[in-house]
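Order of the sequence lines sets the chain letters (A, B, ...), proteins ahead of strands, with each chain counted from 1.
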Amino acid sequence: MSWFVRGILGGIHTMRRAVRAESAPGTTPGLPTSVSPATAEQRALEAICPTNAIVAEDGGVRVREERCVHCMRCSPAVTAASLPWRDDVAWVRGARREIDEAALRGAFRRSIHVRVVDAGDCGSCLSELTHLNDPLYNMHRLGIFVTPTPRQADVLVVVGPVTEQMRSALLEAYDAMPEPKRVLAIGACASSGGVFGPSFTSAAGAGDVVPVDAVLPGCPPPPLAILDALLALTGDRTR
Amino acid sequence: MNRGALATAFFGALIGACMLALGAAALLGRAPTIVHSWSLPAFGTPHFAATPLSGFFVLIAGTIAVPSSIYSLAYLRRYRGEYSLDAFAALYVLVLLSVIAIFFAADAVSFTVAWEIMTLTSCGLISFEWRDRRAARAALLTLAMSEFGTLAVVLAFLLAARPSGSLDFTAIAAHAGALSPVARVFIVLLSLFGFGVKAGVLPFNAWLPRAYPAAPANATAIIAGVLVNCGLYGMLLLNLVLVPQNAMLFGALALAVGALSAIVGILYATIDDDLKRMLAFSSVENLGIALTAIGAGAIFLALHRFDLAALGIGAGLWHMANHSLYKALLFLGAGAVDTVAGSTRMNLLGGLVRAAPVTATCFLVAAVAIAGIPPLNGFASEWLTLETLLRSAEVGLVPVKIAFVLAGALIALTAALAVTCFVKAYAMTFLGTPRSESTRNVRRELPAAAGIGMGLLAGACVVAGIFPAYAIQLIDAALPGTLHGQLAAALLPPFLEFGHGSGGFMRDFHALGATIGAGIIPGRSLVVLHRGGATNPVVFAMSSTYLAVFSAVILGGVFVTVRLFARRTVARARAWAGGLRSLLPEMTYTATGFSNPVRVIFEAVFNPRTIENTREAVHDHFRVAITRRRERDYVGDRLATEPLVAKVRDYANDLARMHHGRLEGYVTYALVALVVVMLAVVFLA
Amino acid sequence: MTIRTLAPDQLVAACNELRLAGWRLATIAVTDSELPELRYVFWNTNGPGWQQLRVAPPSPMPEGVRRIPSLTPTIVAADWLEREIEDLFAIDFEGHPRLGDFVLHDSRWEEGVGPMRAGARTQQALVERAWRPRRVLRDEGAFVMPVGPVYSGEAESALFLLETVGEDVVRTVPRLFYKYRGIEKLAQQRSVDDALLLVERANGTSAFAHAWTYCMAAEEILQLAVPDRALRLRTIFAEVERIRRHIAVLRAIVDSTALWVPAARLLELEEHLLRMCGDLTGHRYLFGFTVIGGLQRDVNDEALTRGVARMKAIVGSVRSIVVQLERTSSFLDRIQRVGILSPERAHEFGVVGPFARASRVAYDLRRIQPYGAYQDAAFEPPTASEGDGYARLRVLAEEIAISLSIVEQLERDLRPGPVRVEWTPSAGEALAWCEAPAGATVQLLRLNDEGRCTLLRFTPPSFRNWQSFRWVTEDFAFQDFPIILATCGLSVAENDR
């Protein structure tokens, strides 16, 4: 039996629900959220957070989500004095400017093409990006395609903290893209430098090198969050 | 301004203009004009005749000579102070004059004498850069092979002249029927060999890839654009005009030799990295195509299918003419590249379009034309060649059909490879990044005279391509004897007349073209159309005129639309090189790399002699160098020239033993020779 | 573990002796960047055992003559290790034929900076300088085809310089370390807990194996007895990670040959494993699961049993896909006899993991130098001898089945109990190793009594295997390049660190 026939007989595996409504176990690790007012134990979490993502202030606890590297030390499953963790996937937030849906609707109304630049990624963000091709998520049905050349790209996705030796390559890719273009930093490293940057080899995320339009926290953000971010960034056509 | 360069340009252009006038007069005048010259003792009176066929060849020669001579003005500067330009001028003028004499010769003696002058002077041109050993060797090889050719030609003429006892062409033609079959076979073989050497078709064309790159570019333009035509002219003259009974045998051999030359020529052209040598191999290919068409036409002639015979021979002549135009232009372009960039090795060139836009544009026109892309001139003649081969369906003989199908397949493959070949030639020379320091430093191109020369030829290519109907009428006028008038009748039906009750669309299409064409351009037709007979009602239609108009309208329309309506501005950015700051020249495709797949696929033909593969290593783990040297030898050398040279050497060694220096020995030789001659006279008379 | 101290001039002879006795070079660590003092780590192929050679000059070497004899002419596997140390510590290796432009690209860094040296001036003005590839092929029309550093769809950043005359590639030189993040240097200022995060993120797709190795080293220094349940769970999830990573490599191989249906199926199966991990441990890539002293959280036994059952189904599906692939001739045509690594080369270059096992180098640290709970499981690592793409595919497929069997064996005897012990900081040094999904990984860790990391030497398997990559990619057709690359299953992130 040919692979083609096997493929057809395999049926449709793609999830039927909207990106934000999917809730199968294990699709997302969750993300700590700010809490106010906070207990003394919760405020003490500031000290155990390795990347200073947790800030105790004004009686509450603020979580700088883009710094969270999923060490799980403040997770409800690990400690009793935990922060509340969200299990949705709408993590993306605009950095340079608010995402202006009306302005973008024209340019990205149809399909969008994404150029991924690995600027020092550990491989997990790239792995999650690869899973957008997964029949379960299938980004193509939403009109999202990964392109090998930045010349045809609408969105530049940056993963990794931007190492010194990838800096010029990232700039080259950004310069090679036609306008209008958007830059999405995916993962804690690209958003804030994560555990690596800033250092003698790494920048503090993609924002140090190219103008970033939106950051998606997470270490790594799951495929659903990436899909959601791409849709939000380009005008949310189908969500 | 140098005297030699001026003389070359002035006299060359003058002779070229005379050629144009004489050629046109002879071609359109129809009635042969016979000129008797002074009498020569023992050979009779050499005389010259202007026939339409020779007029056609002279016309082409003039079309090449004028632009090449103008080009010389700019080109010859590079030799100032190094080589004698006066000598060049003398040789150049002599070559052109001898060419006129060859085409107009009306008896074997004047033909042979003119032929010899042409051979000697062209060898002089080839060895013009005599300080370069390769040029000298190439000229010697050319001379040696040409002399063998001349010998064969003389023998062929003598054989043909036997029944009439006269070396006069009209007499030979009148008594050709009395030739024995054996003599006719020998005439065909000798003429194919003797003229084939000059035409550059297989197997005895080893001189060609060596001589073309060695000669100065303006001389090469004349050699490739005019002198090779002499070879084809000789074959036609001897086998179709003087001894028309030869048509079948000549046609069959020409078909085979032509098709093989075409494929072998284009294969070697595709893989060659030297611009000039590549063009030389491409000449082998083009003459091969022309010879194929002529051979097909000759076979049809023998089968008394005069319309198809006219089609074949016409296509062959046309392709030869087209080849003259674009190959001369390509050599002039290659010469310009050589002069400004200092090399013709494509692996060292690149990016010249920025520094030399005029050369690049003219070269592009010629490259598109030679690749057979419509609407330029190479397309129409290749089309008609293929059409001729396909029309073998109308002939009942199975061997003919098989031969034509095989030849057709080879020609089709040739046409496809020609595109690869010239994409490579143009791209590697003019596009991309310069691959050497001297290419990077090119700032400007040759002076205006070169541009004018090349521009004239480029214009000729375009005009000949867009108005095929006129070219067909010229060729039709040139066709000898019974064929005259057939070509135009077959391909250019009069307006608004359409027989055979064929389909409505074609009639409307043709009528539309006629109506539009009649209003804008005077002429018989803009569509080249050939209808099959009742048993084979296929219609071949081709109109590069419509195509040109159509593409001009489309491209112009797109351009105007984009200019007027597009709101987007064009952003310019560096080439994307995978994130590398800059694409280094060593990171771009080389000419060798581009044609490597062809080389790999046709390894059996190329049969590289040795692959030396040295790997130097330190401790076997750190490769310092992988050195490879490939020696690829030309199949013509391997199969024909080298065995021949070896044989000649052997004989020469044997003969050398006779030179022992003893007087009595020499006396004996003289005596034996005398006896042999006397016996021969007694028995043969 | 024995540590012998040698003078620099005794080094080569001593190492050669070990090599002849069946010891293999695991790593070279710089334990003092200023003296300089180096540590050569060997492991025994004939039975459990490690040996370290300490090499130091009698007195500090002055600037400019920091020279140690090179081991490379004797043990080729030392080549990249020495080049790396030369770049990062500015120590010259006398007799090494090719140094410079390795970790630190010449286009970006000045020569001789040595950023890993104590007190090195690491914040410098970085300038872009002209760089030309080193070319070896001398042939008419030879040129270099650059692939990368940004290429393909979601590929990791690396530049491949393919020396070629057209479509036949004669030689490939990978230019790596575009992603050099300096983990070994960054770890030096961090607490023992935070340095773990760095090691974990060296390679996200083998995060657990590296994190576990780090924890084993730290636990040895702190003299912790990790609870049995934690040990077993660690072993189980190390195998789960191995299965997931092997499926990902299989998918990449299938993807490179453009068989979309099995590629999509494998991607989906991998996603099911990711979800299973996310469900059981809270993180899809097992980040933050193992910590020093055990596990950060326990795993629900019933959920684990369900998970193992699900995994069995997944592995069954992978098996059937592989069986189908082996019947697809168009697929076999493309992976058979491409990218061949001969057993001799594999041995010489110290290639590890499934990559080596496909070339008949059968060393597996789980068997030879046991750790974790592997003594409690019966298994035999698979091998193949052809060393081509197909052999690597078969080894991967068999390892998936073996890993499942290990998981099942350990899960059966899993007893309830604590999964984490408390600890207090203490100083010390320890060596730990682990058979990561891509092969043997070795870490040398030194802690001070404040619980801070003062030295981390981390030699991951991909670093070992990339070294042999240029021998795998010699004399091949250009269109096979993505396939060869995929069959090697090499991680750039793991190599670059």
Given side chains that start at C-beta, do those of [X] and [Y] come closer than 4.5 Å, heavy atoms only?
{"X": "C:His272", "Y": "A:Leu136", "value": "yes"}
{"X": "A:Gln165", "Y": "C:Asp496", "value": "no"}
{"X": "A:Phe196", "Y": "C:Leu197", "value": "no"}
{"X": "C:Val150", "Y": "A:Arg115", "value": "yes"}

Between the main-chain N or O of [Y] and the side-chain N or O of [X], is there a donor-acceptor pair closer than 3.5 Å?
{"X": "A:Thr27", "Y": "C:Arg275", "result": "no"}
{"X": "C:Thr205", "Y": "A:Gly123", "result": "no"}
{"X": "A:Glu164", "Y": "C:Trp109", "result": "no"}
{"X": "C:Glu268", "Y": "A:Thr14", "result": "no"}
{"X": "A:His131", "Y": "C:Glu270", "result": "no"}
{"X": "A:Thr201", "Y": "C:Arg181", "result": "yes"}
{"X": "A:Asp118", "Y": "C:Ser157", "result": "yes"}

C:Lys179 with A:Asp121: basic N within carboxylate O range, under 4.0 Å: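 The answer is no: the pair does not qualify as a salt bridge.
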Pairing of C:Asp194 and A:Arg73 as salt bridge, 4.0 angstrom limit: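 Counted as a salt bridge, because a side-chain N and a carboxylate O are separated by less than 4.0 Å.
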For [X], is it the side chain, the backbone, both, or neither that has a heavy atom closer than 4.5 Å to a heavy atom of chain A?
{"X": "C:Val419", "value": "neither"}
{"X": "C:Leu266", "value": "neither"}
{"X": "C:Phe177", "value": "both"}
{"X": "C:Leu159", "value": "neither"}
{"X": "C:Arg327", "value": "neither"}
{"X": "C:Ala248", "value": "neither"}
{"X": "C:Ala202", "value": "backbone"}
{"X": "C:Leu325", "value": "both"}

Partner chain C: residue of A:Thr79, A:Val69, A:Thr130 with the largest heavy-atom pair count (under 4.5 Å):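 With the most close heavy-atom pairs to chain C, the winner is A:Thr130.
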Among the listed options A:Pro148, A:Pro29, A:Gly120, the residue most often paired with chain C at heavy-atom distances under 4.5 Å: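 Result: the option with the highest number of such pairs is A:Gly120.
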Go through [options] and name the one with the most non-hydrogen pairs under 4.5 angstrom from chain A.
{"options": "C:Ser152, C:Ser191, C:Ala263", "value": "C:Ser152"}
{"options": "C:Asp279, C:Leu267, C:Leu274, C:Val492", "value": "C:Leu267"}
{"options": "C:Gly153, C:Pro262, C:Ala207", "value": "C:Pro262"}
{"options": "C:His105, C:Glu200, C:Arg497, C:Arg297", "value": "C:His105"}
{"options": "C:Gln296, C:Arg420, C:Arg190, C:His283", "value": "C:Gln296"}
{"options": "C:Pro149, C:Gly278, C:Ser491, C:Ala264", "value": "C:Ala264"}

Closest non-hydrogen atom pair, C:Phe287 against A:Cys219: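 Between these two residues, the closest heavy atoms are CD2-O, 3.3 Å.
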Considering all heavy atoms, the nearest A:Leu129-C:Glu154 contact: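 For A:Leu129 and C:Glu154, the tightest heavy-atom pair comes out as O-OE2, 3.5 Å.
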Evaluation steps, side chain to side chain contact (heavy atoms under 4.5 Å, CB included), between A:His70 and C:Tyr285: CA-CA 10 Å; A:His70 279 122; C:Tyr285 293 87; over 6 Å; no
Result of checking A:Pro220, A:Pro223, A:Ser127 against C:Arg284 for side chain to side chain contact (heavy atoms under 4.5 Å, CB included):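 The residue from A:Pro220, A:Pro223, A:Ser127 that satisfies side chain to side chain contact (heavy atoms under 4.5 Å, CB included) with C:Arg284 turns out to be A:Pro223.
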Using non-hydrogen atoms only, which part of [X] is less than 4.5 Å away from chain C: side chain, backbone, both, or neither?
{"X": "A:Val146", "answer": "side chain"}
{"X": "A:Cys125", "answer": "neither"}
{"X": "A:Glu172", "answer": "neither"}
{"X": "A:Ala77", "answer": "both"}

Test side chain to side chain contact (heavy atoms under 4.5 Å, CB included) applied to C:Val261 and A:Phe4, step by step: CA-CA 7 Å; C:Val261 173; A:Phe4 175 74; 5.8 Å; no
Worked check of side chain to side chain contact (heavy atoms under 4.5 Å, CB included) between C:Tyr178 and A:Thr163: CA-CA 7 Å; C:Tyr178 276 94; A:Thr163 55; 5.6 Å; no
Toward chain A: residues of residues 249-259 of chain C with heavy atoms under 4.5 Å: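 Listed by number, the contacting residues are C:Arg251, C:Leu259.
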Trace of the side chain to side chain contact (heavy atoms under 4.5 Å, CB included) decision for C:Tyr151 with A:Thr149: CA-CA 8 Å; C:Tyr151 68 104; A:Thr149 162; over 6 Å; no
